[in-house]
Each structure stands twice: as structure tokens, then as C-alpha cells.
2 protein chains.
Amino acid sequence: MNIVTKATIDDVAALAGVSMKTVSRVVNNEPNVRPATREKVEAAIRELSYRPNQSARSLAGNRSYLLGLIYGHPSAHYVLDIQEGVLEICRPQRYELLVHPAIHRDPNLIDEVTDLILEKRVDGVMLTPPLSDNMAVITLLKKMNIPFVRVAPTENKSASPYVETNDEEASYDMTCQLITQGHTRIGFICGHPDHRAMSLRYEGYKAALIENELPLLPDLVAQGENSFESGEMCAKQLLGLPDRPTAIFAANDDMAAGVMMVAHQMGVKIPAQLSVAGFDDTPVAHQIWPSLTTIRQPIRQMAKKATDLLLKQLKGKDIQLPASMLNSSIIVRESTGPLVAVKPGKPK
Amino acid sequence: MNIVTKATIDDVAALAGVSMKTVSRVVNNEPNVRPATREKVEAAIRELSYRPNQSARSLAGNRSYLLGLIYGHPSAHYVLDIQEGVLEICRPQRYELLVHPAIHRDPNLIDEVTDLILEKRVDGVMLTPPLSDNMAVITLLKKMNIPFVRVAPTENKSASPYVETNDEEASYDMTCQLITQGHTRIGFICGHPDHRAMSLRYEGYKAALIENELPLLPDLVAQGENSFESGEMCAKQLLGLPDRPTAIFAANDDMAAGVMMVAHQMGVKIPAQLSVAGFDDTPVAHQIWPSLTTIRQPIRQMAKKATDLLLKQLKGKDIQLPASMLNSSIIVRESTGPLVAVKPGKPK
DNA sequence: ATGAAAGCGCTAACAT
DNA sequence: ATGTTAGCGCTTTCAT
């Protein structure tokens with residue numbers, strides 16, 4: 001029973017001496033309002049601390065002003081960055097965000113998304129990896145005829161507007177850098193096969209080897225599944241080789257951290273005896289010792305751009321450029337470098 | 001123009017041959033519907049793929065079915081855990097979550113919260129540290145007469161229902177454990193002073209020293225501010241002491257990781273020459289080398305319990321127990337242990 | 001440039 | 001146990 005919460009559009013109209021519709025025009029920044037009228041209305045709005053009721057707006061206007069973010073589980077850091085990027089753009093336009101954690105391949109996923117659309121009535125949806133490539137969801141979204149954008153899809157790019165980054169190129173550059181430092185036996189740890197964007201990182205690695213006329217040795221390529229633990233497993237495999245690699249490039253930082261753990265346990269010096277590189281620049285990358293050379297994606301920028309694309313769709317604007325590319329960059333730290341002869345008993 | 005999205009409560013009522021109100025009763029699980037009638041209605045709902053329109057429900061019922069989460073920035077991991085805990089409980093009860101990142105001490109914060117309540121019309125609010133102790137926000141929420149819960153508040157506990165954990169006790173236990181391992185010079189790195197919950201961790205440390213008749217040496221207590229970098233600074237200070245500590249307990253994992261980084265750079269062996277303990281069990285704790293002994297809070301559990309408390313308030317149920325305590329636990333890893341004489345030239 | 005009237009799809013309050 | 005009647009506070013459509 002707070003007076004603050006009570007003002008309605010009628011109250012404002014009465015106080016300003018105009019019709020309800022005129023207030024509506026002012027609130028929604030519609031044209032055809034004389035500046036003098038606009039000011040009168042704005043004064044009344046201020047006076048009453050009027051705030052339009054979203055539920056009423058949604059019901060009458062047949063849209064919810066809600067965006068849905070459906071995310072699979074890359075990492076907390078990634079998700080939060082995306083989320084905050086989205087909010088930064090949509091809030092000023094009076095859209096809010098509904099967050100939906102999803103399990104890739106969960107049989108309930110389709111029902112949940114249907115619910116998001118039918119019951120919560122989100123106006124648009126954003127998909128992040130690995131869901132950006134989930135055909136079941138994409139098909140559903142299309143069928144429901146609801147606007148959506150995808151972050152970093154690798155397949156069916158024509159299905160929706162999207163934002164991507166040059167993972168493959170960055171991966172190529174990283175590999176080249178290792179080669180330049182004198183490494184010829186460079187191991188690679190692949191990401192989870194369900195996470196298609198990960199495979200582009202492998203493509204970049206391959207391309208660099210070929211470009212530099214280095215052999216692609218199957219023994220030096222291990223199949224991880226994104227977790228720290230899988231990185232450890234792969235590291236044991238690669239470092240246990242009779243002729244082990246002098247550098248290991250992992251498709252994400254968690255796995256790279258796993259490699260470093262195993263290296264430490266085996267007494268292998270980084271970077272003197274082994275260079276290690278990761279991908280993502282998660283917080284662990286600079287907190288680990290030695291700090292990890294990795295690749296940083298412009299996650300927040302991608303989210304902002306994607307939100308922009310989505311909102312433009314909602315407003316019916318033609319998107320001339322339904323796709324957008326943002327650059328990732330290599331962050332060189334201490335875990336990579338040329339090989340160094342290690343004299344036993346005299347570390348550093 | 002999709003048929004799937006079109007069914008309304010009237011359509012269902014017509015198909016089931018009952019009134020709108022009866023459908024409403026079924027949908028909302030209200031009593032006073034004969035089982036036979038209920039089934040007829042449910043069949044019609046299924047047949048039409050009917051989903052109630054949230055906007056209409058909200059407008060008519062004068063509630064939004066939206067919860068607001070206002071979070072300051074502890075860590076991505078913490079926030080996401082809270083968020084998913086909230087969703088796990090509120091979704092089944094058909095409540096959704098609006099996420100609001102906030103900067104503690106931001107002058108706009110009050111306006112933003114007002115907006116969340118007046119315009120987005122959230123039915124209830126959850127506050128996490130350090131906002132749980134932000135009096136400006138608490139006062140506003142009270143004034144607006146909106147239900148709210150707090151996670152881990154340290155002050156004004158009677159202001160709202162809340163959920164807490166035994167930080168102080170866990171911190172006490174950790175310190176005792178270090179003492180048991182033979183450490184008598186134990187350093188402590190405090191958290192950011194704005195983050196009041198952090199100071200309880202210091203209290204636990206102090207209590208353990210006193211209990212064990214160890215002196216509380218001011219030189220061994222450093223003032224950090226939660227970040228990895230501040231942990232490094234404090235470590236340099238503590239390890240630079242003429243008579244340096246043999247163990248350092250940091251008020252969070254990020255700072256503990258900073259300590260380990262500095263120790264590595266100085267050639268100090270962990271745990272042989274220095275034990276290090278953290279607090280939070282963030283992902284970095286088990287990815288770092290050596291893995292970090294730390295304390296795990298039941299974050300998700302706290303979020304679930306807090307959501308439960310909030311929803312009960314919304315439903316007008318009396319909360320007999322407006323506060324709830326959940327236990328944190330020590331996770332012992334490799335970074336702590338008794339001192340070991342190190343023979344130069346023979347590591348491990 | 002402004003206004004009047006008609007809903008949007010539900011829930012609440014009150015019948016029956 | 002079920003139905004009837006009014007709105008909730010906006011946007012839309014169509015006048016003026």
C-alpha cells in the first residue's frame with residue numbers, strides 16, 4: 001500500500017491534462033508529440049514517480065520485453081561474461097533477461113525451450129556454445145518462428161544471425177608462434193567432441209603444421225573433453241611417449257592447467273623443457289604458475305553485438321549484416337618459450 | 001501466426017465444456033475441482049498445448065512471478081552457483097529470475113533497485129555478499145515493503161530472513177589444523193574491508209590462536225582486497241619478514257593463489273617450507289600446483305534454502321525459522337602439511 | 001498532433 | 001463444486 005507504487009498511466013494523463021495515449025507516446029518515445037506537451041507529460045511522470053507496469057505493457061502489446069539466454073556449460077566465467085554483456089545492451093532498451101542453464105542433449109531441453117517461449121513468452125533467444133550448434137533447438141526455434149541469435153556457431157550459419165570469433169586463426173597463430181620458438185614436436189589436446197567450436201581450434205593447429213611443413217603426428221594428438229581432469233589424462237598420455245612433445249597446446253585453459261599439473265608432478269620444467277598453451281584466458285590462466293600463454297576471446301563484445309543483432313530483429317529492422325566477426329588475441333605469458341638446457345641441481 | 005501459440009484459457013474452457021474459472025483452478029492447483037472435471041480440463045490443455053500467458057496472469061493477479069537477484073561481485077563461480085540454485089527451486093513453482101549485477105557503492109544502485117521493483121515488478125529480492133550488508137539497499141527494500149532474503153549477512157540480521165554458513169568456525173578449524181601440524185607462526189591475509197563476511201574469517205583465525213595460546217602478531221596479518229594481485233602483494237610483505245611465517249591462511253582462494261605464485265618465484269617450497277590455505281574452493285584451488293587446501297561453502301544449498309524462504313514469504317506463509325545455517329567444510333589438499341627439512345639439490 | 005474505445009488473457013470477488 | 005462479472009494498466013486501431 002505504498003503511494004510510490006500506485007501511479008498509473010491514467011493518473012499521469014489526468015495530472016498532465018492530456019489523454020492516456022499521449023502519455024503512452026511520450027513513454028515509448030513515439031513521434032507526433034509537441035515538445036511542450038512532451039514536457040508537461042514528463043513533469044507529471046516525475047511528480048508521480050510513474051513507472052509503466054511491464055505486465056500491462058506486455059499483455060496489451062503482445063510482447064514480453066524478455067530475452068532468453070540458453071546456455072550450455074562452458075565455464076562460469078564465460079557464462080557470466082555473456083550474461084553481463086547482454087544486460088549492458090538490453091537494459092537501456094528496457095528488455096530484461098531470463099537465464100536458462102541447459103544440458104546439451106538433455107531430452108527435456110526441447111520442452112524447456114518450448115516453455116520459455118510459450119509460457120514466459122520471451123521475445124527472442126540467444127544460444128551459446130555448444131547449444132549454438134544444437135539442431136534440435138534450432139529447428140524448434142525456427143518452427144516457433146521466434147527470433148534468435150547464436151554466439152559462435154560452426155554449422156548451419158544461415159539459420160540465424162550470429163556472432164563469431166576467429167578461433168581457427170588464433171589457434172593457427174599460436175601454433176606458428178610455438179614453431180617459431182623452435183618447437184617441432186607440438187602436442188595438441190582436443191576439446192569435447194560435442195562442442196563443435198572446439199574442433200576449429202584443432203583445424204588451426206593442423207593448418208599451421210602443414211603451412212610450416214611439419215608432420216601431423218597422430219600420437220601427438222589427444223582427445224580431451226574440456227575438463228581439468230581430462231587434461232591430466234591426456235598429458236600423461238603425451239608426456240609418457242618415448243619421444244615426447246616439447247610443447248603442448250590444449251584447446252582450453254582447464255585442460256592446459258591439467259597438463260601443467262602433470263608436468264609438475266613428473267618434474268618436467270615449464271617452459272624450459274615443455275611449453276604449454278591454452279585457450280580462453282580464464283582466471284586460472286594468470287593465477288597458475290608459471291602463468292599460462294593463452295588466447296582471449298572477446299566474449300563480452302560478442303554478447304553485446306549479438307544482443308544488438310537480436311534486438312534489431314525484434315524491432316523489425318532489416319539486418320544487412322546478419323553475422324559479425326570479432327577478433328581473439330594471443331596473450332603471451334610465462335608458460336611458453338624456447339627449449340632450454342636444464343642443468344640438474346641448479347633450477348631457475 | 002502459429003497455432004501452437006494461440007490457445008487461451010477460453011479455448012480450453014470451451015473444449016472441456018467448463019467455465020474459464022474452472023480451468024484457472026486446475027492450472028493453479030486450487031482445490032474444489034472434482035477429479036473427473038480436472039481430468040477433462042487437463043485433456044483439453046494437452047490437446048491444445050495450452051500454456052497460460054504470464055503477462056495476463058501477472059496483470060490480473062498483481063504479481064510478476066519474477067524474483068530479482070542483486071549480486072555484487074564475489075566471483076563468477078559464486079554468482080553462477082547462486083543463480084542455478086535459485087532457479088532449481090523457483091522454476092518448479094513457476095517463478096523466474098531477473099539477474100541484476102550491481103556495483104557495491106555505486107550511486108546509481110538505489111535507482112536501479114527501485115526500477116527493478118517499480119517497473120519490472122519483481123515479487124521478491126535476493127541479496128548476496130557484499131550487498132547483503134548494504135544498508136542503503138536494505139532500507140530501500142524495507143521502505144518499498146518488498147519481501148527479500150539475504151545470503152550470508154553479517155549485520156542487522158533481524159532485517160530479513162537469511163541464510164548463513166559457519167565461516168568463522170570453519171576458519172577456526174582451519175587455523176587449528178595448521179597449529180596441529182606444528183605451525184606457530186601463521187600469517188593471515190584479510191579480505192576486502194567492504195566485504196564484511198570476510199572479517200568473520202579473520203575472527204576465526206584470531207580465536208584459534210587465542211585458544212591455543214599463540215600470540216596474535218600484527219606483523220603476520222596483511223590487508224588484502226580479495227584479488228589475486230593483492231594476495232601477491234601481501235605475500236611479498238609476509239615472506240619478506242626476517243622471521244617469516246611457516247604457514248599463510250588467506251581469506252579467499254584468489255589471494256592464496258597469489259601467495260603460491262610469490263612463493264614459487266622466491267623458490268619457497270610448498271608445503272615443505274610453507275603451508276598455504278585458502279577459502280572458497282573456487283576452481284583454481286584444485287587446478288593449481290600444489291593443489292590448495294581450502295574451505296568449501298555450500299553455496300548452491302544456501303541459494304536453494306534462501307529461495308525457499310523467499311517464496312514462503314511471498315505465499316504469505318509464516319516463516320517460523322527466518323534464518324538458516326549451513327555448514328562449510330575444510331577440503332584438505334596438498335598445499336598444507338608439517339614443515340619438512342629441505343636438502344638443497346634434492347627436491348621432492 | 002491528439003483522443004476515444006476496445007480489448008489483451010488472465011485472476012479476484014462474489015455468486016450459485 | 002462450479003460459474004459470472006469486473007477489472008488489472010497498458011497498446012492498438014481508428015477517429016478527429
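Residue numbering restarts at 1 for every chain, and letters A, B, ... go by the order of the sequence lines.
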For D:dT2, does OP1 or OP2 lie under 4.0 Å from any side-chain N or O of B:R34? yes
OP1 or OP2 of D:dT11 less than 4.0 angstrom from a side-chain nitrogen or oxygen of A:S24, does that happen here? yes
Donor-acceptor pairs under 3.5 Å, side chain of residues 29-45 of chain B to any protein atom, not counting sequence neighbours: which ones?
unit_1	atom_1	unit_2	atom_2	d
B:R38	NH2	B:E30	O	3.1

Grab the two heavy atoms, one from B:S132 and one from B:P153, that are nearest each other, plus how far apart they are. CB-CA, 3.9 Å
Distance, rounded to the nearest Å, where [X] contributes [atom1] and [N] contributes [atom2]:
X	N	atom1	atom2	result
A:N28	D:dG9	CG	P	17 Å
B:R25	D:dT2	CZ	P	8 Å
A:I9	D:dC8	CD1	P	14 Å
B:K40	D:dT2	NZ	C1'	11 Å
A:M20	D:dT12	CE	P	12 Å

Under a 4.0 Å heavy-atom criterion, DNA chain C is touched by chain A from C:dA1 to C:dG9
Any ion pair linking [Y] and [X] (charged N to carboxylate O, less than 4.0 Å)?
X	Y	value
B:K157	B:E164	yes
A:R196	A:D133	no
A:D308	A:K312	yes

Check each of A:L109, A:D111, A:D115 against A:V113 using the side chain to side chain contact (heavy atoms under 4.5 Å, CB included) test, and report the only one that passes. A:L109
What's B:D10 touching, base or sugar-phosphate or nothing? Going by heavy atoms closer than 4.0 Å. nothing
Would you find more than 12 non-hydrogen atoms of other residues, nucleotides or ligands less than 6.0 Å from B:N62 atom CG? no
I'd like to know whether CD1 of A:I110 has more than 12 heavy-atom contacts from other residues, nucleotides or ligands below 6.0 angstrom. yes
Check against side-chain hydrogen bond (donor to acceptor under 3.5 Å, both in side chains), A:N28 and A:R57: CA-CA 11 Å; A:N28 294 299; A:R57 284 186 87 205; 2.8 Å; yes
Residues from residues 51-65 of chain A lying under 4.0 Å of DNA chain C - heavy atoms: A:L59, A:A60
